[in-house]
Amino acid sequence: MKKQGRIAGIGHGIASAALFIVVLLAAVPARAELRIDITNGVSQPMPIALPPFAGGSPQESQTGAAIVHVTSDDLQSSGLFQPIDPRSFIQNVSANDAQPNFGEWRQINAQALVTGAVRALGDGRLRVEFRLWDVLAQQQLAGFAYTTTPQNWRRIAHIIADEIYKRITGEDGYFDTRIVYIAESGPAAHRIKRLAIMDQDGANNHFLTDGRSLVLTPRFSPSAQEITYLSYASGTPRVYLYNIDTGQQESIGDFPGMTFAPRFAPDGNRLILSRSENGNSNLFVLDLRTRRMTRLTDDEAIDTSPCYSPDGSKIVFNSDRGGSQQLYVMDAGGGNVHRISFGSGRYGTPVWSPRGDLIAFTKIDGGQFYIGVMHPDGSGERLLTKDWLVEGPTWAPNGRVLAYFRQTPTDSYGRGGSSRLFSIDLTGYNQRELKTSGDASDPAWSPLLR
Amino acid sequence: MLARLTALAGALLLLAACSSTSQAPATVAPAGPGGVGMSQYAPGSQQDLAATAGDRVFFAFDSSEVSAEGQQILQRQADWLRRYPNVSVTIEGHCDDRGTREYNLALGQRRATAVKNVLVAMGIPASRIQTISYGKERPIVVGDNEEAWAQNRVGITTVQ
């Protein structure tokens with residue numbers, strides 16, 4: 001079985017490369033013995049052994065060790081796996097085709113084992129293969145070989161982590177992804193904000209704008225090749241598009257008033273956004289091919305932060321039409337508007353889960369900010385985290401993890417006010433800071449890159 | 001009279017010290033009866049506007065309603081703008097940071113437009129008045145406390 005996926009680089013000289021995947025068949029068909037149920041969160045992460053992938057040359061071995069390191073960090077960050085300290089390993093796996101000595105892995109309480117090998121091919125490409133084993137059942141659970149250019153080694157590591165996650169949990173992974181965000185620096189009154197992008201684990205950070213113009217609220221296109229965001233570059237706040245392959249930035253057009261709060265429709269051909277008209281903010285859809293805008297709401301209220309359901313049939317947004325900022329759902333054409341948030345406080349920044357089953361939001365109540373989720377009909381509200389200021393949830397593509405930003409208060413001397421990215425499981429467990437080079441806000445998680 | 005001026009100067013200094021990050025002196029409006037007075041600053045300048053009319057109006061939490069006090073300040077701004085017919089202004093709408101980013105962009109725009117609409121109703125041509133929202137992005141006074149938030153819920157008239 002072969003499947004071909006395209007790996008895109010960040011523009012500016014990193015070439016795109018094809019990735020070839022081969023399934024390595026197990027000698028004995030695997031039964032799903034090893035399994036994590038992630039619905040309710042786990043108190044005991046699964047012990048997993050990840051010995052360095054074997055290599056024939058020092059360079060191959062070095063790459064093999066580096067790949068395993070990245071894969072191991074991915075799995076650990078999920079909170080579902082506990083990679084076993086390599087110093088406790090009894091055997092080193094070198095001949096990865098042979099059956100592992102399961103008894104020795106059982107002795108160090110490994111439930112899962114990952115073996116692999118790295119080979120440099122004659123044409124300069126890299127072949128990386130890995131196998132996932134159920135130590136107790138002594139079975140292969142998964143096996144794949146990837147052929148790609150050497151500079152893609154990190155992506156291979158993330159793809160392997162995704163395969164392991166999928167095989168063990170039954171859900172898609174989220175490691176072969178990027179996060180676009182706003183990098184912040186400078187004093188609060190004159191904050192410098194730059195569009196930035198990084199791998200989900202903080203590697204390969206790039207700044208996409210130079211900080212001369214204030215930029216806010218970036219979001220990925222469904223293909224992960226484009227970003228839409230707000231920029232003050234022209235003096236008036238306007239919605240822009242950034243092409244990741246070419247590095248090109250363009251305004252969506254010189255529409256009267258401020259355009260803001262953009263998000264892509266699931267088909268990638270349209271944006272939904274807010275436009276202010278004589279002080280009122282209404283919702284519009286912009287067709288990216290014709291650059292024509294269609295009005296969806298027309299009222300005196302603030303209608304903003306719109307987001308499509310994954311099937312494109314509905315839109316969730318926040319509005320103060322009822323007196324305070326609350327969440328509303330309507331049909332994609334603008335009809336059948338109904339309020340869904342009825343708890344105490346104000347609700348904003350609704351984002352529909354990629355699975356369609358939940359809407360994440362920011363809630364402000366009693367001087368505190370919360371990140372929470374509710375069903376699209378407004379039922380089952382659950383608050384995941386609370387702080388002085390937490391805002392702007394974004395879903396990992398599997399709908400199991402959320403990222404958001406957290407800002408600390410500033411005193412009157414300007415001290416404090418740091419802003420960082422965090423992730424948290426839908427269960428409310430496993431809250432972690434995402435690595436960024438400095439202050440950061442407005443994260444948006446990409447779809448899986450394949 | 002001298003005592004009153006001294007008190008005003010003291011208040012000006014105090015406010016300037018509190019809001020060291022703002023570009024213009026904060027609101028102190030020694031308006032004489034029948035219109036705006038003169039200031040020590042260059043006629044038609046931002047400092048002149050701030051000193052003679054007051055360059056900003058404040059808003060209640062999550063509100064874009066111009067208060068009675070705001071109306072008085074804007075009446076003086078309109079008088080001042082009539083005195084300098086070649087001056088154009090941009091109204092900046094700002095918010096405190098206790099709201100979400102996009103909602104605050106919309107709220108800041110609503111505040112800026114509310115200020116503009118009052119000035120237009122007072123006879124200033126709309127073509128002389130631009131608006132821009134900074135939401136919670138450019139706080140005038142740094143600090144997460146009630147006093148700073150109150151200063152940041154503001155529409156500032158800036159001379160172009």
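Order of the sequence lines fixes the chain letters, A, B, ..., with proteins taken first and strands second; residue numbering starts at 1 for each chain. Model, not experiment: these values are computed from the prediction.
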Shortest non-hydrogen contact between [X] and [Y], atoms and distance:
X        : Y        : value
B:Pro139 : A:Ala189 : O-CB, 3.6 Å
B:Ser133 : A:Pro237 : O-CG, 4.0 Å
A:Gly235 : B:Ile132 : O-CD1, 3.0 Å

Handout entry: Side chains of A:Ser305 and B:Glu102, donor plus acceptor under 3.5 Å
Key = yes

Mind checking whether [X] and [Y] have side chains closer than 4.5 Å, heavy atoms only?
X        : Y        : value
A:Ser412 : B:Glu147 : no
A:Trp388 : B:Asp144 : yes
B:Arg98  : A:Ile364 : no
B:Arg110 : A:Asp320 : yes
A:Arg191 : B:Glu137 : no
A:Leu216 : B:Leu105 : yes

Exercise for the section: Determine whether more than 12 heavy atoms belonging to other residues, nucleotides or ligands lie under 6.0 Å from atom CD of B:Glu65. Expected result: no

Problem - Within 6.0 angstrom of B:Gln71 CD, more than 12 heavy atoms from elsewhere - result: yes

Working to the nearest 0.5 Å, report the span between [atom1] of [X] and [atom2] of [Y].
X        : Y        : atom1 : atom2 : value
A:Asn278 : B:Asn117 : CG    : CG    : 5.0 Å
A:Tyr347 : B:Tyr103 : OH    : OH    : 15.0 Å
B:Asp97  : A:Glu391 : CG    : CD    : 9.5 Å

So what's closer than 4.5 Å to chain B heavy atoms on [X]: side chain, backbone, both or neither?
X        : value
A:Glu300 : backbone
A:Ser281 : side chain
A:Phe405 : side chain

Top contributor to chain B contacts, counting heavy-atom pairs under 4.5 Å, from [options]:
options                                : value
A:Leu389, A:Asp303, A:Asp442           : A:Asp442
A:Pro409, A:Gly348, A:Ser274, A:Ser319 : A:Pro409
A:Gln407, A:Arg415, A:Arg219           : A:Arg219

Fill in the blank from the handout: Counting heavy-atom pairs under 4.5 angstrom with chain A, the leader among B:Ala114, B:Gly135, B:Gly99, B:Ala148 is B:Gly99

Practice task
Give, as side chain, backbone, both or neither, the part of B:Asn152 having an atom under 4.5 angstrom from any heavy atom of chain A.
Solution key: neither

Handout entry: Donor-acceptor under 3.5 Å (A:Asp411 side chain, B:Gly143 main chain)
Key = no

Practice task
Keeping the roles fixed (side chain from B:Gln109, backbone from A:Met258), state whether a donor-acceptor pair exists under 3.5 Å.
Solution key: no

Practice task
Go through the steps for A:Thr349 and B:Arg101 under the test side-chain contact (heavy atoms from CB on, under 4.5 Å), then give the verdict.
Solution key: CA-CA 9 Å; A:Thr349 78; B:Arg101 194 180 309 292; over 6 Å; no

